[in-house]
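Contents: one structure, followed by commentary.
Residue numbers begin at 1 in each chain, while the letters A, B, ... track the order of the sequences.
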There are 2 protein chains.
Amino acid sequence: MKKRVTLKDVAEAVGVHVSTVSRALDPKTRHLITAEVAEQILKVSTELDYRQNAAAYSLKTNRTRTIGVVVPDITNPVFPPIIRGIEDRLAASGYVAILANTDGNRRREVSITQTFRARGVDGLIMASVERDDEAISRLSQDGLPIVTVNRQVDDPGVSSVVNDEDAGMKLILGHVAGLGHQHVANIAGPQALSTGTARLRAFEHHRDLLGLDDDPQLIAVANAFNDEEGVRCAEELLSRGVAFTAIVCSNDRLAIGATAALRRRGLSCPDDISVTGYNDMPMVDRLFPALTTIRVQQYDAGHEAADILLEMIETPPERRRRRHVVLPVDLMVRESTAAPSKTQGRARRARSAARAAMADPATMPAAE
Amino acid sequence: MKKRVTLKDVAEAVGVHVSTVSRALDPKTRHLITAEVAEQILKVSTELDYRQNAAAYSLKTNRTRTIGVVVPDITNPVFPPIIRGIEDRLAASGYVAILANTDGNRRREVSITQTFRARGVDGLIMASVERDDEAISRLSQDGLPIVTVNRQVDDPGVSSVVNDEDAGMKLILGHVAGLGHQHVANIAGPQALSTGTARLRAFEHHRDLLGLDDDPQLIAVANAFNDEEGVRCAEELLSRGVAFTAIVCSNDRLAIGATAALRRRGLSCPDDISVTGYNDMPMVDRLFPALTTIRVQQYDAGHEAADILLEMIETPPERRRRRHVVLPVDLMVRESTAAPSKTQGRARRARSAARAAMADPATMPAAE
DNA sequence: CTGTTAGCGCATTCAC
DNA sequence: GTGAATGCGCTAACAG
């Protein structure tokens, strides 16, 4: 491997001192140098293809231009766009991201943040937090810039970028109610996650505003945002014996599970029961039936989170301000919702039973 | 932000010299230290929560325990499992990954590898290479450990981990031929990518071994691994007027596009024409029709690539050996393949025309 | 076995 | 405006 060219090499080539080169290369201190000398230094340094040694820079300045990104699982389709948004924004400012997966495991999260801190990250973007995450609050209070994406912690001191859950539920319920549904069930997400509680709260709120059936038996709470829990909760709802013609799910995976559960029971979606998701994951427009859902702006969320974080990093700790950004969402109406059938007819049910043979949900775990 | 505890702090607390602490903390040099002293140092250092300063370590040793991972686009579902495999392996050895997306742009790839080199990465894992990528060959010859995943460069000097394309095509063609198809079309991938050429070569090879129709008109070459190209190639095949009852596609996205194109023409899959994919992307088991495809071991590929890279890093440059690992693949038979219909009947075509109204392919670009 | 010394490449304070 | 000197925290060669 070729030897790297250092400031010293450039200094010797130009015939000036190292510190002069250092100043000339930094836009902030360039004005201290005679214009011609600076120009010459710049020229030679590009000729020699000089690159600042990141380790030396970090050791000296205590800044790494590296930020840590923590997600539950990069394999969950919700996260790649967020990460992409983060990286695009970071790259524009010469920062890079180091990435880690927690699998929703609290202990791993702690050990990861410690590793990242040892690496001297300038900040953290967390997509994996639970509502009561004290470790994050503490790190944040210690002065480490942190912003959460997609989710947030209850502590309002930690900056966040989230989607407008209230607006999303309003759109979904408005759509479903508009189709004529009066008895709408809800599969809520884990209440340890802000997305879970916010969407449940919004569901209840707009359900009441719209005058829909508010029987608490119409709500089932999932323990995770995955297919299996969608299946379990749908079965639970069906077994309770309360009548409903639509199920609003707190995310797409729950909806996929719920749809599969209906199918197994010989019920058709949307003929017998409408189902909605949340997130608009890739490919849900190609499912059978194509899923009506809420599109959230994952890329923008990541981009914005990185933007806020960089701003925090460049602001002296005492002047830093927490920020909470809420991004707008869109309703995607597809095939999984329809007007409630008056008859709940046999013919329909028979037809849908034929489909019931189709595959069970993949057993991929997921959280968001 | 609390002040970080350094070797010096530990040394003072224990009452020994910094270098003693340094040695005691490194498993490789620990044996040089009296057992009791070492134990005491270990104890104090955990009490104080000492963490090695990564920048100082790097500056001194010229190693960063950081490796660069370059993918075309993390948003393409093929890559997250690979990345996850890489990270899990790296984490086990105390390494971290920094990630960047090229969007298949050669210039970006070069600039990214330069950035990474400036950051002093210990090695590179490239999922984005084209066959004739000279920049990579050069870097590799310069002594920078590099391994490509999923794809490979033509230069055999660069280590790689790929899937068994020949076996995959053999499985697919065996399955299709076994169903009774004699005239099998192929939508091949971009020939600038090793996956594209390898799968095409394998297709031709096994087509001939099986005695299938070898009309060159049955092959269409896509310019990218995405839905639109799948549509375009399927239409091209149909417009050529050659008869076929199955289309073998070089990846899942092409297959999705091809299926959509058939549908628009009022043709049903698999009733009129069978379609196969390649990769077994998430969710393709839930499409309509669920896609018959080849499952490749993305996670394992990433894991193995990281493993090889770490081994290279720990081997002195002159003793390093190139390695080429080929991972086995599996056939996933689902609903998109069936025996060829003798009649190509009107009734069938009418029925499938009803489905033709369904959504067009999403306009997401993709490469693999 | 342990302490001493040097220096990795850089930014920055202090002289001039 | 520029050069000289210092030290960030660590490892490694050398000395004892």
Please name all residues satisfying salt bridge (charged side-chain N to carboxylate O under 4.0 Å, His left out) with [X], sequence neighbours left out, ordered by chain then number.
X	result
E130(A)	R106(A)
R323(A)	E311(A)
E39(A)	none

Sequence-distant partners of S58(B), side-chain contact (heavy atoms from CB on, under 4.5 Å), two or more places apart: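 Applying side-chain contact (heavy atoms from CB on, under 4.5 Å) to S58(B) gives A55(A), T64(B).
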
Which residues pass the side chain to side chain donor-acceptor pair (under 3.5 Å) test with [X], not counting sequence neighbours?
X	result
E134(B)	none
D300(B)	none
Q52(A)	R65(A)
S93(B)	R89(B)

Kindly calculate the angle separating the two end axes of the helix from dC1(C)-dG16(D) to dC16(C)-dG1(D), each obtained from five base pairs, and round it to 10 degrees.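 Inter-axis angle at the termini of the helix from dC1(C)-dG16(D) to dC16(C)-dG1(D): 40°.
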
Can you sort out which residues in residues 57-67 of chain A have a heavy atom within less than 4.0 Å of DNA chain C? Ascending by number, please.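 The stretch gives Y57(A), K60(A), T61(A) as the residues lying under 4.0 Å from the strand, ordered by number.
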
Can you pull out the residues from residues 14-45 of chain B that lie within a 4.0 Å heavy-atom distance of DNA chain D?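 Hits under 4.0 Å, by residue number: S19(B), S22(B), R23(B).
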
Can you measure [X] atom [atom1] to [N] atom [atom2] for me and round it to whole angstrom units?
X	N	atom1	atom2	answer
L7(B)	dA6(C)	CG	P	19 Å
K8(B)	dG3(C)	NZ	C1'	16 Å
D9(A)	dC8(C)	CG	P	11 Å

Return each pair, listed once, that meets salt bridge (Lys or Arg N to Asp or Glu O under 4.0 Å) where at least one residue sits in residues 49-58 of chain B; pairs must be two or more places apart or across chains.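 Matches after skipping sequence neighbours: D49(B)-R51(B).
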
Any donor-acceptor N/O pair, T61(B) side chain to R63(B) backbone, under 3.5 Å: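 Yes, the answer is positive, given that a donor and an acceptor are paired below the 3.5 Å cut-off.
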
